[in-house]
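For ligands, and for the atoms within them, numbers begin at 1 and follow the listed sequence. In what follows, every heavy atom counts, from backbone to side chain, and hydrogens, waters and symmetry copies are set aside.
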Amino acid sequence: MGGQPLMSNLTFDKIRSQKSAIETLTRALRSGRVHHAYRFEGPDGVGKEQAAFALAQALVCEKGEVFGCNACSACRRAVTLADEDPRVPKHPDVVLIQRGLYPPQSLGSTNREATGIGVHQIRRIVVGRAGYGAHEGRALVFLIRDADELTIQAANALLKVLEEPPPRTHFVLMTSRPHRLLDTILSRTLAVRFGPLPDDVIEEILRERGLDVSGARLARGSASHALALGDAEAREAREAFEATMRAAIEAPDLAPAIAIGSAIKDRATLHTRLSDFAQSVSLLGRDRVSSDARAAEVAARQHAEIELALQSLEANAQPAFVVEALVARLRRA
Ligand SMILES: [Zn+2]
């Protein structure tokens with residue numbers, strides 16, 4: 001079959017410390033009353049994704065085992081991702097949605113999804129697919145990673161399917177920031193809550209991977225955070241770039257902008273840093289919408305400028321020139 005199973009031997013009882021969430025799901029499966037739209041809420045890296053894939057596996061199992069047999073071809077393909085991009089499940093009825101997962105041209109779009117799951121992805125991958133029902137018969141399952149990144153347009157397109165779901169079609173929206181979802185999405189999805197993992201479980205996960213367990217407490221209950229702490233370098237680089245950009249915007253002249261431009265010569269690195277910066281500005285703006293309308297407007301204008309800079313970088317403009325021109329415009333935004 002090829003490809004590595006995403007989670008080998010994935011069963012509900014392998015998911016650690018999420019007793020109430022797992023009980024909710026196994027009870028629904030046992031009674032044959034699986035809700036058509038769940039919202040898995042909780043911090044990153046606590047088992048939401050494992051539970052979502054376990055549910056998908058149970059729903060598509062060709063042996064019809066209540067919790068999935070974890071052995072048939074359908075079960076295995078449900079949790080095995082393609083070897084090549086887009087890295088989506090091999091089972092055609094387990095459909096993954098995530099910002100930037102699909103190349104824009106395959107969605108009939110020209111824009112990269114730099115800051116949100118766009119309406120093109122929802123139209124092409126969800127709406128277009130849902131109409132045909134399950135390919136292999138049992139169920140069609142859409143798994144939406146970081147559902148809080150849906151743009152308003154995308155959320156509204158999704159809403160139409162959530163309101164009148166085709167038979168045997170299920171959705172799992174995963175999010176660590178449910179307050180960022182539209183009220184209409186919240187009211188049409190059933191919350192299943194996942195809590196932070198206890199420190200001893202985090203230590204166990206780190207130990208299994210041969211990593212130092214001393215940082216377990218810093219991870220605040222998130223296995224993925226605990227693993228990322230190991231990659232402190234990437235985080236530092238991201239934070240340092242944002243800090244120097246913000247300082248350059250406030251500076252009396254363009255000298256700091258010129259310094260940033262000459263420090264980053266590599267196009268791909270600058271692209272990554274600017275995309276992260278755009279994401280950070282966008283999240284900041286969304287957080288301020290209700291409390292500080294002016295700050296939210298400034299963030300929206302800054303975000304649009306960074307997007308333009310990314311486009312000119314993609315159109316082969318010189319990295320140093322892109323940074324200088326961007327800072328000059330952000331100072332006026
Ligand atoms: Zn099976």
- request: Report the distance from atom CD of Q18 to atom CG of L197, rounding to the nearest 0.5 Å.
  value: 6.0 Å
- request: Could you grab the distance from atom CD1 of I258 to atom CZ of F321, nearest 0.5 Å is fine?
  value: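 So the CD1 of I258 and the CZ of F321 are separated by 12.0 Å.
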statement: Counting only protein N, O or S atoms and ignoring waters, those under 2.8 Å from the Zn ion (ligand 1) are C61 SG, C69 SG, C72 SG, C75 SG
Qualifying residues under side chain to side chain donor-acceptor pair (under 3.5 Å), relative to D266, sequence neighbours excluded: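 T269.
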Pairing residues for E164 by the side chain to side chain donor-acceptor pair (under 3.5 Å) criterion, not counting sequence neighbours: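 Checked E164 against side chain to side chain donor-acceptor pair (under 3.5 Å); zero matches.
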query: Thinking salt bridges, do R177 and D146 make one under a 4.0 Å N-O criterion?
result: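 Answer for the salt bridge query: no.
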field: Residue pairs fulfilling salt bridge (charged side-chain N to carboxylate O under 4.0 Å, His left out) with at least one residue in residues 95-110, sequence neighbours excluded
entry: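 For residues 95-110: R99-E149.
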